[in-house]
Amino acid sequence: MALLTRTRFLAGLVAITLAGTLSAPAAEAPTVFAAASLKNALDEIAGLFAKEGKPAPKVSYAASNTLAKQIEQGAPADLFFSADLDWMDYLAKKDLIQPGTWVNLLANSLVLIAPKDAKAEVTMGPGLDLTSALGTGKLAMGNVDAVPAGKYGKAALEKLGSWAAVKDRIAQAESVRAALLLVSRGEAPLGIVYATDAAADANVRIVATFPADSHPAIVYPVALTRDARNPDASALLAYLRGPSARAAFEKQGFTVLNRPAATAP
């Protein structure tokens with residue numbers, strides 16, 4: 001009888017242990033709000049982070065302005081990875097970024113693209129003429145008032161003296177990847193995107209690269225949000241600054257800066 005009781009006790013103990021193991025929730029993954037142009041690199045990095053034994057980050061991609069506004073409205077994000085400094089600064093001024101976590105991580109360049117089989121050619125420089133290459137079509141860009149790539153593009157066109165000729169012929173897209181898609185599908189004869197976007201789509205080719213001094217420096221800052229609660233968020237930020245992430249970023253054509261922002265909160 002004692003043996004039977006002990007057996008039942010042990011069986012019950014095993015059952016309780018197994019039940020606790022089976023019902024234990026999986027570790028929650030950190031959430032990243034990231035600029036659309038980072039998709040290829042961050043998808044790879046998320047997988048690499050998971051191989052380190054951490055939960056694979058959940059990444060939401062969109063234009064930086066859209067993501068910043070969502071964070072401002074209370075959307076749950078642990079990290080914000082912007083395609084320009086302005087939108088990170090926008091959140092910082094509203095105390096929505098954790099002090100001391102802002103890092104200017106990456107740099108990029110701005111290019112003019114066309115469908116891969118198009119014969120469009122332009123001479124890049126002052127007096128840039130896009131009207132001949134556009135024909136009756138439109139120039140695909142991110143929204144020039146909000147999307148970072150659109151803002152950079154407008155600045156470059158103004159500096160080179162061609163904005164007035166094309167400002168009424170812009171197909172403004174909600175993100176740089178949406179602008180890329182318009183050219184990739186042949187729906188626009190020319191587009192302005194980042195060099196990394198052009199490299200990610202085999203259906204487009206780079207027609208010319210905008211001079212670096214024709215637009216503000218293209219810098220990608222990343223930081224923890226004020227309301228970040230995930231215990232792996234800080235580890236992910238550190239991983240983004242590490243060698244494995246560097247290799248993934250450089251493979252996509254980014255330049256890694258990895259500089260803590262001196263003026264960041």
If I compare all heavy atoms of [X] with all of [Y], which pair ends up nearest, and what's the gap?
X	Y	answer
Leu190	Ala114	CD2-CB, 4.0 Å
Gln98	Ala228	NE2-CB, 3.6 Å
Ala56	Ala50	CB-CB, 3.8 Å
Trp87	Lys151	NE1-NZ, 4.0 Å
Ala179	Ala173	N-CB, 3.5 Å
Ala198	Val193	N-CG2, 4.2 Å

Student check: side-chain heavy atoms of [X] and [Y] closer than 4.5 Å:
X	Y	answer
Leu110	Thr209	no
Arg226	Ile97	no
Ile218	Phe254	no
Val59	Phe81	no
Thr31	Pro76	no
Glu174	Val147	no

Who are the side chain to side chain contact (heavy atoms under 4.5 Å, CB included) partners of Gln70, not counting sequence neighbours?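 Side chain to side chain contact (heavy atoms under 4.5 Å, CB included) check on Gln70 returns Phe33, Thr66, Leu67, Ala75.
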Checking Ser109 now: which residues fulfil side chain to side chain contact (heavy atoms under 4.5 Å, CB included) with it, not counting sequence neighbours?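 So Ser109 forms a side chain to side chain contact (heavy atoms under 4.5 Å, CB included) with Ala195.
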Throw together a table of side-chain donor-acceptor distances under 3.5 angstrom for residues 89-96, partners on residues two or more places apart or in other chains.
| unit_1 | atom_1 | unit_2 | atom_2 | d |
| --- | --- | --- | --- | --- |
| Asp89 | OD2 | Lys93 | NZ | 3.1 |
| Tyr90 | OH | Lys69 | NZ | 2.9 |
| Tyr90 | OH | Glu72 | OE1 | 2.6 |
| Tyr90 | OH | Glu72 | OE2 | 3.2 |
| Lys94 | NZ | Glu72 | OE2 | 3.4 |

Honestly curious: do [X] and [Y] fall in one hydrophobic cluster under the side-chain, below-4.5 Å linking rule?
X	Y	result
Leu85	Val256	no
Tyr152	Val183	yes
Val122	Met141	yes

Got a donor-acceptor contact below 3.5 angstrom from the Ser82 side chain to the Pro221 backbone?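 Between the backbone of Pro221 and the side chain of Ser82 there is no qualifying donor-acceptor contact (under 3.5 Å).
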Ser64 side chain vs Ala83 backbone, donor-acceptor pair below 3.5 Å: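 Confirmed, Ser64 side chain pairs with Ala83 backbone.
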Quick check for you: to the nearest 0.5 Å, what is the distance between [X] atom [atom1] and [Y] atom [atom2]?
X	Y	atom1	atom2	result
Leu139	Ile170	CG	CD1	4.0 Å
Phe80	Ser60	CZ	OG	11.0 Å
Leu257	Arg259	CG	CZ	4.5 Å
Thr255	Leu106	OG1	CG	8.5 Å
Asp43	Leu38	CG	CG	10.0 Å
Lys154	His215	NZ	NE2	16.0 Å

Which of these, Leu79, Asp232, Val32, sits in a side-chain contact (heavy atoms from CB on, under 4.5 Å) with Leu237?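 Testing Leu237 for a side-chain contact (heavy atoms from CB on, under 4.5 Å) against Leu79, Asp232, Val32 leaves exactly one candidate, Leu79.
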Candidates Leu157, Val111, Val144 - the one meeting side-chain contact (heavy atoms from CB on, under 4.5 Å) with Ile192: Leu157
Could you go through Ser234 and Leu224, starting from their C-alpha distance and side-chain angles, then the distance that decides it, and tell me whether this counts as side-chain contact (heavy atoms from CB on, under 4.5 Å)? CA-CA 7 Å; Ser234 294; Leu224 296 178; 3.6 Å; yes
Using the side-chain contact (heavy atoms from CB on, under 4.5 Å) rule, take Asp84 and Val219 through it: C-alpha gap first, then chi angles, then the decisive distance, then the call. CA-CA 5 Å; Asp84 76 350; Val219 177; over 6 Å; no
Can you confirm whether the side chains of [X] and [Y] place a donor and an acceptor under 3.5 Å from each other?
X	Y	value
Ser37	Asp197	no
Tyr220	Asn108	yes
Arg241	Asn258	yes

Taking only distance into account, with no hydrogens and no angle test, what donor-acceptor pairs under 3.5 Å do side-chain atoms of residues 124-133 form with protein atoms, sequence neighbours excluded?
| unit_1 | atom_1 | unit_2 | atom_2 | d |
| --- | --- | --- | --- | --- |
| Asp129 | OD1 | Thr131 | N | 3.1 |
| Asp129 | OD1 | Thr131 | OG1 | 2.6 |

Once ring pair (Phe, Tyr, Trp, His ring centres under 6.0 Å) is applied, what residue pairs with a partner in residues 40-67 remain, sequence neighbours excluded?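 Sorted result for residues 40-67: Phe49-Tyr239.
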In a table with atom names and distances, give each donor-acceptor pair under 3.5 Å that connects a side chain of residues 200-207 to protein atoms at least two apart or in another chain.
| unit_1 | atom_1 | unit_2 | atom_2 | d |
| --- | --- | --- | --- | --- |
| Asp201 | OD1 | Ser184 | OG | 3.2 |
| Asp201 | OD1 | Asn203 | N | 2.8 |
| Asp201 | OD2 | Ser184 | OG | 2.9 |
| Arg205 | NE | Ala118 | O | 3.1 |
| Arg205 | NH2 | Ala118 | O | 2.9 |
| Arg205 | NH2 | Ala120 | O | 2.6 |

Which residue is it: Lys251, Gln252, Lys39? I am looking for the one with a side chain to side chain donor-acceptor pair (under 3.5 Å) to Glu44. Lys251
In plain terms, say whether Asp78 and Arg229 are close enough for a salt bridge, that is, a side-chain N and a carboxylate O under 4.0 Å apart. no
Side-chain ion pair, Lys138 and Glu187, N-O less than 4.0 Å: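 Salt bridge between Lys138 and Glu187, a charged N being under 4.0 Å from a carboxylate O: no.
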